[in-house]
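Below is one structure, written out as structure tokens, with a few remarks after it.
All figures in this text were calculated on a predicted structure; none of them were measured in a lab. The sequence lines fix the lettering, A, B, ..., with proteins before strands; numbering per chain opens at 1.
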There are 2 protein chains.
Amino acid sequence: MSNAKQSEKEFLRTYNIHDYEVPLTSVDLAIFTIKDQLLQVLLVKRGDHPFKGKWCLPGGFIDIHHDADLDAAALRTLREKTGVDAPYLEQLQGFGSGVRDPRGWSTTFVYFALISSDQIDLIHGGNADAVRWCAIDDQNVIPPLAFDHKPILEVALQRLRNKVEYTSLPAHLLPEEFTLTELQQVYQIVLGRLVDKSAFRKRIREGDFLEELEGKWRYGSNRPAQLHRLRKGQDTVYFSRLMSGETSAK
Amino acid sequence: MSNAKQSEKEFLRTYNIHDYEVPLTSVDLAIFTIKDQLLQVLLVKRGDHPFKGKWCLPGGFIDIHHDADLDAAALRTLREKTGVDAPYLEQLQGFGSGVRDPRGWSTTFVYFALISSDQIDLIHGGNADAVRWCAIDDQNVIPPLAFDHKPILEVALQRLRNKVEYTSLPAHLLPEEFTLTELQQVYQIVLGRLVDKSAFRKRIREGDFLEELEGKWRYGSNRPAQLHRLRKGQDTVYFSRLMSGETSAK
DNA sequence: CCAATAGTGTCTTTTAGACAGTATCGG
DNA sequence: CCGATACTGTCTAAAAGACACTATTGG
């Protein structure tokens, strides 16, 4: 045993990573929010080659001296681009090929993040016009993207829409405090269809992932609406069925 | 425009990947099958450092000269370890950190594959005892695994069990031709609970992803059972609800 | 005829879908 | 009082769950 350990030590002493050709490795983010009643994704303009001047998803290479792991690299990138610290962040998928980056064989770990548009301050980046929100309504307003970021964005959107059907995820797109009607609107925006109010509220109630903020109300020229928030430390809830279908109800 | 192109060309001419420190990149596979009425995962014994002699999930480094993309690298690895060519293969997730491999910062793209145990010939590897099926029943029979492969396997299992709840995936764990009862047993084995026969069959019928093999039957000392197979070119079907719950029915 | 498993039907309970009805604000 | 939106209740149709029943083989 001590012999094997010794042998392994010797192996590691002489091992040199630079003897092998390895791909480039980066982390990219699909950051979504709801703004102006639309689902929007964050894009940045590339300041360097390759694809200088083109829009793309925010991302960067892994810094092996400072990033402890992939999640840390994603969080760092998110902080650098948006100033936001602890939103909903989940790894989507990896992409990699010999042709997606002109610099050579490259891989990227794509994360998707959900944040509320009120926490975020896009000026943060330094050069203000190099970062923008881009609405996802009719697809053609999305500019051409660098690398393979267009198909990556498609996959991210698909995953988001899919998860919205059966999870409590959309709550992360809203500010900390919100009304049930606001939450319902988020579901409707992402899904692109109307949802029955009664069924929606039953579902949310049974999921039991929100708490009422006693005595806190959203006022207007109508009956006040109860404010809610996600329960502290609440994990994402998975419903056993899909979101109920379209309805004639407004 | 031609100016920008020129500038990009110049950039690429002088770009040298070896000026940067990048992580190691590999592909690992969680290959599942049903054997002896149990869910089993394929393990290989490491023949080299690090972790020489320890069991782990099959995998290997990306070969940037021969692998076109990640999927190709995964398929190649699968073929090398099992001789199987075209099973169900899907990317699970990426893992990466500075500590998971003693050789340095490393990342791995984990795929999971479903194959039928009858297509596969483990002798293929060359050194026969260095590869084995390991049953997933009570967890403690799984040996300690190299790297972070134990938690990776946990994630793969969780994903598999989860997907079985609402997709047609388990059909890939069976040979090409099978009876509905055999398919039901696969669901039961993976889920670890019984499923109602009537509800199960209704579900499968409505999913409409199988075809009856006319005139082909499984015989025994009882009523013969109709053989089925997956429709050609059939994608995975997603049910709108979870698999129906436990029942007292045998 | 019997044991065994395949496959179908039926009844009951639960849930979704549609929509009406009531509540409470500002003006 | 009115318009607007929050919130709740009710009825009906559809689906799930439990389980019994029939069908067809070998021995």
[X] side-chain proximity, nearest of [options]:
X: A/T181; options: D/dA16, D/dA6, C/dC25; value: D/dA6
X: A/N222; options: D/dT5, D/dT25, C/dA16; value: D/dT5
X: B/K202; options: D/dA16, D/dT22, D/dT5; value: D/dA16

Starting from [atom2] on [N], measure out to [atom1] on [X] and report it in whole angstrom.
X: B/Q185; N: C/dT5; atom1: CD; atom2: C1'; result: 11 Å
X: B/R201; N: D/dA16; atom1: CZ; atom2: P; result: 17 Å
X: B/K197; N: D/dA16; atom1: NZ; atom2: C1'; result: 18 Å
X: B/E165; N: D/dA16; atom1: CD; atom2: P; result: 14 Å
X: B/E182; N: C/dA6; atom1: CD; atom2: P; result: 8 Å
X: A/Q226; N: D/dT8; atom1: CD; atom2: P; result: 10 Å
X: A/I204; N: D/dT8; atom1: CD1; atom2: C1'; result: 16 Å
X: B/D196; N: C/dT13; atom1: CG; atom2: C1'; result: 14 Å

Before accepting this row, confirm whether a basic side-chain N of the pair [X]/[Y] lies closer than 4.0 Å to the acidic partner's carboxylate O.
X: B/R193; Y: B/E165; answer: yes
X: A/R100; Y: B/D69; answer: no
X: A/E212; Y: A/R229; answer: no

Could I get the full list of side chain to side chain donor-acceptor pair (under 3.5 Å) partners for A/R218, not counting sequence neighbours?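 For A/R218, the residues satisfying side chain to side chain donor-acceptor pair (under 3.5 Å) (neighbours in sequence not counted) are A/E182.
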Is it the case that C/dG9 (base atoms only) and B/S198 (side chain only) share a donor and an acceptor within less than 3.5 Å, ignoring hydrogens and angles?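 Answer yes: a donor N or O sits under 3.5 Å from an acceptor.
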Which label fits A/Y166 and A/Y238: parallel for a plane angle under 30°, tilted from 30 to 60°, or perpendicular past 60°?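 Tilted, since the angle between the ring planes falls between 30° and 60°.
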Taking the six-membered ring of B/W55, is NZ or CZ of B/R132 closer than 6.0 Å to its centre and within 45° of its axis?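 Here B/R132 passes the 6.0 Å and 45° test against B/W55.
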In terms of side-chain heavy atoms, does B/E154 have a donor or acceptor partner in B/Q158 at a distance below 3.5 Å?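 No, no side-chain donor-acceptor pair sits under 3.5 Å.
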Stretch residues 207-221 of chain B: residues that reach within less than 4.0 Å of DNA chain D through a heavy atom: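 Residues of residues 207-221 of chain B that come under 4.0 Å of DNA chain D are, in numerical order, B/G220, B/S221.
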Using Watson-Crick and G-U wobble pairs whose two distances are both under 3.5 Å, how do you write the pairing of DNA chain D as dot-bracket, with | for links to another strand? |||||||||||||||||||||||||||
Write down the atom of B/L114, the atom of B/L169, and the distance for their closest heavy-atom approach.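 Between these two residues, the closest heavy atoms are CD1-O, 3.8 Å.
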Determine the contact category for A/T179: base if any of its heavy atoms lies under 4.0 Å from a base atom, sugar-phosphate if only primed atoms, P, OP1 or OP2 are that close, otherwise nothing.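 Nothing, no nucleic acid heavy atom in range.
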Qualifying residue, where the test is side chain to side chain contact (heavy atoms under 4.5 Å, CB included) with B/Y111 and the options are B/L70, B/L92, B/L78, B/T77: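 Exactly one option meets the side chain to side chain contact (heavy atoms under 4.5 Å, CB included) with B/Y111, and it is B/L70.
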Identify, between A/H228 and B/E206, the residue whose nearest nucleotide on DNA chain D lies closer to the 5' end.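 Its nearest nucleotide being more 5', the pick is A/H228.
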